[in-house]
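A short worksheet on the structure shown next.
Values below: all heavy atoms of this structure, side chains included; hydrogens, waters and symmetry mates excluded. Below, read A as the first sequence line, B as the second, and so on, with proteins coming before strands; counting in each chain starts at 1.
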2 protein chains.
Amino acid sequence: MYKVALVDDHILLSEAIGGLVREFINFEVVNISVNGKEFIRYLETANSDKPDVVLMDVKMPVMGGVETTKYLSKHYPDIKVLALSVEEDESVVMQMIRSGAKGYLLKDTRKSILEQALLEVINYGFYYTNTVERIVKQTENLHEDEVVLKDREIEFIKHACTEMTYKQIAEKMFLSPKTIEGYRESVFQKLGLKNRTGLVIYAIKNNIFTP
Amino acid sequence: MYKVALVDDHILLSEAIGGLVREFINFEVVNISVNGKEFIRYLETANSDKPDVVLMDVKMPVMGGVETTKYLSKHYPDIKVLALSVEEDESVVMQMIRSGAKGYLLKDTRKSILEQALLEVINYGFYYTNTVERIVKQTENLHEDEVVLKDREIEFIKHACTEMTYKQIAEKMFLSPKTIEGYRESVFQKLGLKNRTGLVIYAIKNNIFTP
DNA sequence: TTTACTTAGGGGGAAAATCCCCTTTTTTAA
DNA sequence: TTAAAAAAGGGGATTTTCCCCCTAAGTAAA
C-alpha cells in the first residue's frame with residue numbers, strides 16, 4: 001500500500017481529495033494536515049506511517065508550501081512532494097519546483113491524472129504535466145528570474161506597497177531616506193521598472209506582497 | 001433525493017466534492033460543469049433533472065460565479081445557489097450574496113458543515129456561517145461600499161495601475177492632463193487614499209484591476 | 001426655466017518621487 | 001591581509017504627484 005498525506009488548509013478539499021485517493025488501488029491516506037508545521041509535527045511522531053507522497057497546497061497560513069517543501073527536501077528526502085494547487089502563477093510553480101517538489105498539478109487536473117501522477121512520482125521520481133513543463137522551460141530560457149533581490153530590498157519593497165512615503169519607510173526601517181533611495185534605485189534597475197506603481201504590481205505578481 | 005449540481009473549473013475538486021456529496025444520505029449529483037455558461041446550457045436541456053442546489057465556485061473562466069448567480073436568480077429562482085470558494089475576500093463574498101447566493105462556504109469548511117449547509121439551504125432557504133454573517137454585517141454597518149465610482153473613473157483607475165504617468169494616461173483617454181487630475185482628486189477623496197500606491201492596492205483588492 | 005449635477009478643463013504651489021553622480025564604512029572573499 | 005563588493009548615506013536637479021480653489025458647457029430634473 002502506498003501511503004499518501006495531504007497538506008492543505010482547505011479542509012473540505014483535503015477531505016474530498018482524500019476520499020478520491022482512497023478509491024485508488026493500493027493507496028491509503030495516512031495523514032491530513034492544515035499547514036506545514038502541523039504536518040512536520042506529525043512526521044516527527046509517526047514511525048512506520050511516514051507517507052511516500054505528500055499532496056501539498058502552496059498557499060497556507062503558518063507555514064506555506066514552499067517553505068514546507070524546502071524543509072522536507074532537506075530532512076525527509078525520501079518523501080516525495082507533489083504540489084496540488086489552484087495557483088497557476090508561473091513564479092509560484094517555479095518556486096515549488098526549485099524547492100524540491102517532484103511535480104505540480106494544476107487545477108485543470110482530472111481524477112485519473114491524479115492517480116497517474118501519484119504512481120509516476122512514486123515509481124519514477126517525478127511527474128510534470130505539459131503545462132508545467134512549458135512553464136519550467138520558458139522561465140529557464142528567458143532567464144527572467146536571474147534577478148536576485150536581497151533581504152533588505154525585499155523588506156523595502158513590502159513597505160513600498162503601502163501608502164507610506166519613502167521618508168516614512170526610512171523611519172520604519174531605521175535608515176536614512178537616502179539609503180531607501182539607494183534601494184529604490186537598485187530595485188528599479190534590477191527589475192526594469194519606471195516608477196513605484198510598477199514596483200507594486202511586480203511585488204504582487206511575485207508574491208512579495210499580498211494585498 | 002435532493003439533486004445537487006457543481007459548477008467549478010477545478011475539475012479535480014468538483015469530482016472530489018461530488019464524491020463527498022454522494023456519500024450524504026438523500027443526495028445525488030446531477031451535473032458537474034466547468035463554468036456558468038456550460039451549466040446554463042445543461043439547465044436548458046435538463047427536464048426533470050434540474051438541481052435543487054448548486055455548489056458554485058466564484059472565479060471561473062468564460063462565465064464567473066457572480067454573473068452566473070445573477071442569471072440563475074432571474075431565470076431559475078427555484079434553484080438555490082450555495083457559493084463554495086477559496087476566495088475569502090470580503091468584496092467577493094458580498095458580491096455573491098448580493099447576486100442572490102443563499103450562502104457562502106469558505107475554505108475552512110468541514111464535510112459535516114457542507115451537509116448541514118446543503119440541508120439548511122434546501123429546507124430554510126439560506127445558510128450563513130458565522131464568518132460570512134460577520135462580513136455581511138460589517139459591510140452593512142460600515143457602509144464602506146457606498147462609494148460609487150463612475151465608469152470613466154474606473155477606466156482611469158485601470159490605467160493608473162500601470163507605469164504610465166498621468167500625462168500618458170491623459171493621452172490614452174483622449175483627455176487633458178488636468179481632467180485626469182480631476183479624476184485622481186475625486187477618486188482619492190471618495191476612497192480616502194493618500195497616493196497612487198494606495199489606489200493600486202485598492203484596485204486590486206476590489207477586482208478593478210487584476211495583476 | 002431655474003437649479004443642480006456631471007464632465008471637462010485650468011492655475012499655482014508644495015511635497016514627493018525620480019535620476020545621476022559621488023563618499024564613507026562595513027563585510028566578504030581571495 | 002588586502003582588494004573588492006555590499007551597505008549606507010549624500011548633493012542637487014528635474015519630473016511627477018498631490019492639493020486647494022476656480023470656470024464653463026452640457027444635461028437632467030423640478
Checklist line | Between dA16(C) (C1') and E171(A) (CD): distance, integer Å | finding: 15 Å
Next item on the list: Describe the nucleic acid contact of R184(B) in one word from base, sugar-phosphate, nothing, applying a heavy-atom distance below 4.0 Å.
Entry: base
Note to self: Looking only at the side chain of S176(B) (C-beta and beyond, no hydrogens), which of the listed nucleotides dG9(C), dC19(C), dT18(C) gets closest?
What the structure shows: dG9(C)
Item checked: Earlier contact from the 5' end, DNA chain C, for K178(A) and K167(A) -> K167(A)
Check: L199(B) CG to dC19(D) P: how many Å, rounded?
Finding: 12 Å
Item checked: Rounded distance in Å - CZ (R196(A)) to C1' (dT16(D)) -> 13 Å
Check: Starting at the 5' end of DNA chain C, which residue's closest nucleotide do you reach first, Y166(A) or E153(B)?
Finding: E153(B)
Margin query: What is the separation between atom CG on L175(A) and atom P on dT25(C), rounded to the nearest whole Å?
Written below: 17 Å
Next item on the list: Compare every heavy atom of P211(B) with every heavy atom of I201(A), then report the nearest pair and how far apart it is.
Entry: CG2-CB, 4.3 Å
Margin query: Just to verify, which of K190(B), R184(B), K158(B) counts as forming a side chain to side chain donor-acceptor pair (under 3.5 Å) with E153(B)?
Written below: K190(B)
Margin query: Rounded to whole Å, how long is the line connecting atom NZ of K190(A) with atom C1' of dA7(D)?
Written below: 12 Å
Notebook entry, point to check: Any side-chain N or O of T179(B) under 4.0 Å from OP1/OP2 of dG9(C)?
Noted result: yes
Next item on the list: Would you mind telling me which of dT18(C), dC19(C), dA8(C) lies closest to the side-chain atoms of Y183(B)?
Entry: dA8(C)
Check: Mind checking whether F126(A) and Y128(A) have parallel, tilted or perpendicular rings, split at 30° and 60°?
Finding: tilted
Item checked: E185(A) CD to dA7(D) C1', straight-line distance once rounded to whole Å -> 15 Å
Check: With side chains defined as the heavy atoms from C-beta onward, is the minimum distance between M63(A) and I40(A) less than 4.5 Å?
Finding: yes
Notebook entry, point to check: Going by an N to O cut-off under 4.0 Å, is there a salt bridge joining E155(A) and R152(A)?
Noted result: yes
Next item on the list: Report yes if at least one side-chain N or O of K150(A) is closer than 4.0 Å to OP1 or OP2 of dA7(D); otherwise report no.
Entry: yes
Next item on the list: May I have the distance from L149(A) (atom CG) to dA7(D) (atom P), rounded to whole angstrom?
Entry: 12 Å
Margin query: From CG of N195(A) over to P of dC18(D), roughly how many Å is that when rounded to an integer?
Written below: 11 Å
Note to self: Can you say whether a donor on the side chain of E181(B) sits under 3.5 Å from an acceptor on the base of dC19(D), or the other way round?
What the structure shows: yes
